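For reference, positions follow the sequence shown, starting with 1. None of these values were measured; they are calculated from a predicted model. Just follow the structure's listing: the first ligand is 1, and inside any ligand the first atom is 1.
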Amino acid sequence: MGSYRIAVIPGDGIGPEVIAEAIKVLQAVATPPGLAFDFQAVEAGARCYQRTGTDLPRETLEVCQTADAILFGSAGLPDVRFPDGTEIAPQLTLRTTLDLYVGLRPIKLYPGVPSPLRLAEGERIDYVILRENTEGLYASRGAGVRVGDQAATDTLVITRSGAARICRQAFELARRRPGAPLDSRHRVTCVDKANVLKSYAFFREVFDQVATDYPEVEATHAYVDAMAAYLVQAPARYDVIVTENMFGDILSDLAAATVGGLGLAPSGDIGDDYALFQPSHGTAPDIAGKGIANPLATILSAALLLEWLGQRHRDPAAGDAARLVETAVVTVLGAGRPLTPDLGGDATTAVVGDAVAAAL
Ligand code: ATP
């Protein structure tokens, strides 16, 4: 207890650049022997595919399966594709192989970070999107049907067990959280398109059934199109949002844009046995190699990793470290410097990582 083996997959593009800073911060927050990390770097992604013919080598998978948690940078490059034209995405393979069904996307506006929204004085944004990660429309990845050059289909899959387990996680999370910023109510909002498709009506039905086990948590619904507007107009109303895979994918990018953009958006992909943490952004080929990528999304993902270790192993040292890392990020953001160009600054990736480590 207290000593953790972390599988590290830097990946492609800016992945290795931002991962280096997250490791720097984890090393700075470690307090051996109370809290210690053994990082094991392994390969996956587009460059790995080019070199070895596989994007997710067996050794990488084995290291992930035996580690206490996985820290992932980003993977895939636009000019490197499988023979069928699809992009290299080992992170998606890991989601299904390791059954990482909870896509955890915290959306928090930190003091000092400008939001493109016009918020009322004192209005806060602090909610979490739980995206179902293993089924929904993306269950058809690699399995869609193309009929000549005239038609193509993908099937949206919702199972009772798949919907129930993500909804249950949403209510459990709402129980632990302080509630929505607007009114401190513990609230879970199911986002779907139940008015149009049977699959989404089924998701809602399962959500409503799970909700009966949590009478202390308010259960609400929204159609996804309306939700896109609500997250812009009234974000403080939300506490926990649970939704199907593709809707979660789209809404979490919209949500990230309201709180400082992809450079600040962390994520976790969590299952019953394994968990992987990575920034919400991709490999950003346009800025890769320039040393200007924002490492804060990855550093905040490392904080989620610590929080998860703390809960899973009932280890207060890991939980405390998670809060310390988030506080250090808040300190840097509040000071307004150093920041990378995406947040209006001119600092390098490494300088921002150093600042967070120093703030610890
Ligand atoms: P993917 O499809 O994997 O999400 P993408 O290229 O469509 O990849 P991103 O890689 O996330 O999307 O990049 C989208 C935009 O956001 C790019 O202009 C990129 O430079 C910018 N961006 C992404 N991550 C960061 C970051 N950490 N710091 C600064 N800018 C970033």
Return the residue, atom name and 0.1 Å-rounded distance of the protein heavy atom closest to atom 10 (O) of ligand 1. A284 N, 2.7 Å
Could you check atom 23 (C) of ligand 1 against the protein and tell me its nearest heavy-atom contact, residue, atom and distance included? H281 CB, 3.6 Å
Which atoms of ligand 1 have any heavy atom of L262 under 4.0 Å away? 11 (O)
What atoms in ligand 1 come closer than 4.0 Å to a heavy atom of T283? 10 (O)
Among L26, L276, I9, which residue satisfies the side chain to side chain contact (heavy atoms under 4.5 Å, CB included) criterion with L71? L26
Counting heavy atoms only, name the option from N294, D342, I287 that's nearest to atom 31 (C) of ligand 1. I287
Going by heavy-atom distance to atom 3 (O) of ligand 1, choose the closest among A265, G261, G282, S280. G282
Less than 4.0 Å from [atom], is there any heavy atom belonging to the protein?
{"atom": "atom 5 (P) of ligand 1", "value": "no"}
{"atom": "atom 17 (C) of ligand 1", "value": "yes"}
{"atom": "atom 28 (N) of ligand 1", "value": "yes"}

When you group the ILVMFWY residues by side-chain heavy-atom contacts below 4.5 Å and let the links chain together, are Y49 and F72 in the same group? no
Out of curiosity, does L262 fall in the hydrophobic cluster containing Y110 (side-chain heavy atoms, cut-off under 4.5 Å, transitive links)? no
Looking at ligand 1, would I14 count as a contact under a 4.0 Å heavy-atom criterion? yes
Under 4.0 angstrom from ligand 1, any heavy atom of A293? yes
Tell me, yes or no, whether the heavy-atom count around R337 atom CZ, taken from other residues, nucleotides or ligands under 6.0 Å, exceeds 12. no
Approximate separation, where rounding is to 0.5 Å, of S267 OG and Q278 CD: 4.5 Å
If you measure from CH2 on W308 to OG on S301, what distance do you get to the nearest 0.5 Å? 14.5 Å
Let me see the working for E326 and R323 under salt bridge (Lys or Arg N to Asp or Glu O under 4.0 Å), right down to the final yes or no. CA-CA 5 Å; E326 190 184 14; R323 283 181 284 282; over 6 Å; no
With a 4.0 Å cut-off, would you call D68 and R312 a salt bridge? no
